[in-house]
Amino acid sequence: TTAPVTVAVTGAAGQIGYSLLPRIASGAMLGPDTPVRLRLLEVPAARAAAEGVAMELDDCAFGLLAGVEVGDDAATAFEGADVALLVGSRPRTRGMERKDLIAANGAIFTAQGRALADHADDDVRVVVVGNPANTNALIAATHAAGLPARHFSALTRLDHNRAVAQLARRAGVPVTAVRGVTVWGNHSATQYPDLGAATVAGRPAPEVVGDPSEGTGWVAGTFVPAVQQRGAAIIEARGASSAASAASAVVDHVRDWFLGTPEGTWTSMAVVSDGAYGVPEGLVCSFPVTTRGGEWEVVPGLRLDAAARAGLERSVAELEAEREAVRALGLL
Ligand code: NAX
């Protein structure tokens with residue numbers, strides 16, 4: 001076995017934290033040979049609850065868990081962190097306007113970006129889950145002076161996994177038969193799940209689902225809105241937002257980032273744009289990426305049909321509006 005990897009998790013007492021922490025400690029995220037040391041960060045009011053989660057982690061007697069520390073100070077939680085999972089954020093409450101939400105989260109992610117730069121390992125990889133995830137990642141990366149923006153990402157893997165699962169179910173195949181799905185844009189209802197380059201057991205997905213032409217049939221009528229609205233459907237059914245699936249997506253995102261996407265396919269991840277596919281430079285946008293060893297590359301040369309192009313443009317417009325709102329608050 002290797003030396004323990006230090007993983008900091010914010011929002012540790014929340015519902016995603018509760019599903020996520022045991023998965024990390026079990027080795028699902030970094031592999032069965034890598035011990036992990038967990039740092040749980042919470043707000044003071046939820047610190048006691050996070051201590052309770054830490055007690056349960058002890059009670060799991062995970063062989064790979066090298067230690068758990070709980071705190072409400074970002075500097076301490078991020079000290080020497082190799083991986084930082086920024087799950088905690090300020091939820092939207094009744095009467096709160098969008099700009100209030102952006103301001104509240106702007107303050108959190110500005111402070112956490114600085115704390116990461118000052119205390120985390122220089123090679124830390126950061127995943128922002130707390131919403132608005134893409135823009136929170138942009139804020140954190142901007143304030144993390146000295147850390148490469150490429151080492152910050154936002155989670156769109158849940159959207160990606162939802163798209164893969166919907167396609168597999170429609171085609172009547174296991175999810176492992178699906179390749180080449182992409183989620184473009186923002187982690188919001190404007191995201192565009194794209195099957196244009198996807199295959200099912202090696203055959204073009206649009207053909208398999210009986211929808212070979214652009215913008216008609218199952219893909220446009222059912223698949224795209226189902227993936228875009230899946231978060232709302234879970235809330236409707238469960239009375240609470242996605243948690244186990246979100247945690248599982250974080251595990252997948254980090255595992256693939258470090259251990260690599262499988263040969264012959266890619267995943268979706270929101271990363272800082274270098275202008276690829278016409279996405280303005282600097283926006284944190286979901287792209288098709290291949291990953292390995294903590295690095296990522298946007299998959300080049302995909303052809304977007306008219307619906308995908310329009311969907312990406314709409315989502316990018318929303319990302320630009322969020323960036324403008326953050327700039328207007330003086331947070332960038
Ligand atoms: P919960 O409200 O259950 O938990 C959030 C926790 O974060 C709370 O315990 C809170 O005390 C803590 N927190 C707030 N500010 C903090 C700070 N500054 N430092 C440390 N901890 C802090 O929410 P949960 O369901 O766990 O969701 C967490 C976030 O993930 C939300 O913003 C949610 O919208 C977002 N999601 C993002 C997804 C994605 O795919 N990117 C999908 C799932 C989820 O909706």
Side-chain angles (χ1 to χ4, degrees), residues 8-21 23 39-54 70-78 81 84-93 96 98 101-116 126-140 152-163 183 185-191 193 227-236 238-254 267-271 284-286:
V9 180
T10 77
Q15 49 152 7
I16 293 175
Y18 194 72
S19 286
L20 175 61
L21 289 159
R23 299 280 311 275
R39 300 272 185 68
L40 278 48
L41 180 68
E42 258 297 348
V43 296
R47 190 182 162 146
E51 300 274 9
V53 176
V70 180
D72 54 30
D73 173 47
T76 312
F78 293 156
L85 308 176
L86 308 186
V87 180
S89 74
R90 176 72 197 272
R92 190 176 199 148
T93 43
M96 200 175 189
R98 187 185 165 75
L101 183 74
I102 290 182
N105 281 299
I108 293 172
F109 288 87
T110 298
Q112 292 188 351
R114 290 200 181 117
L116 285 165
V126 182
V127 185
V128 177
V129 179
N131 280 315
N134 299 51
T135 294
N136 289 340
L138 172 67
I139 294 169
F152 286 75
S153 63
L155 187 77
T156 52
R157 182 60 178 264
L158 176 55
D159 309 297
H160 178 96
N161 286 350
R162 286 167 172 165
V183 170
N186 200 0
H187 169 68
S188 78
T190 68
Q191 66 179 268
V227 175
Q228 289 173 333
Q229 300 300 329
R230 185 69 167 181
I234 298 289
I235 292 173
E236 180 69 24
R238 218 171 74 82
S241 58
S242 311
S245 55
S248 201
V250 174
V251 167
D252 290 347
H253 176 114
V254 175
T267 188
S268 303
M269 178 165 163
V271 293
V284 174
C285 180
S286 186

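Order of listing sets the numbers, starting from 1, for every ligand and every atom in it. Predicted model only: the values in this text are computed from it and were never measured.
Side-chain contact between Thr135 and Val284: absent, with no pair of heavy atoms (C-beta onward) separated by less than 4.5 Å.
At a 4.0 Å cut-off, not a single heavy atom of Arg90 sits close enough to ligand 1 to count as contact. At a 4.0 Å cut-off, not a single heavy atom of Arg157 sits close enough to ligand 1 to count as contact.
Checked against a 3.5 angstrom limit, the closest N/O atoms of Ala133 and ligand 1 fall outside it. No N or O atom of Asp159 sits closer than 3.5 Å to an N or O atom of ligand 1.
Among protein heavy atoms, atom 21 (N) of ligand 1 sits closest to Gly11 N, 3.2 Å. In terms of protein heavy-atom proximity, atom 37 (C) of ligand 1 is closest to Val129 O, 3.0 Å.
Relative to atom 39 (C) of ligand 1, the option among His187, Gln191, His160 with the closest non-hydrogen atom is His187.
With values rounded to the nearest 0.5 angstrom, Arg162 atom CZ is found 7.5 Å from Gln191 atom CD. Remark: Ile234 CD1 to Ser241 OG distance equals 10.0 Å, nearest 0.5 Å.
With ligand atoms numbered from 1 in the order given, ligand 1 contributes 29 (C), 30 (O), 32 (O) to contacts under 4.0 Å with heavy atoms of Gly130. Residue-ligand proximity, Leu41 to ligand 1, at heavy-atom distances under 4.0 Å covers atoms 20 (C), 21 (N).
Using a 4.0 Å cut-off between heavy atoms, Leu155 contacts ligand 1 through both its backbone and its side chain. Contact annotation for Ile108 and ligand 1: only side-chain heavy atoms (C-beta onward) come within less than 4.0 Å of the ligand.
For the 3.5 Å distance criterion, the side chains of Arg230 and Ser245 fail to qualify, holding no donor opposite an acceptor.
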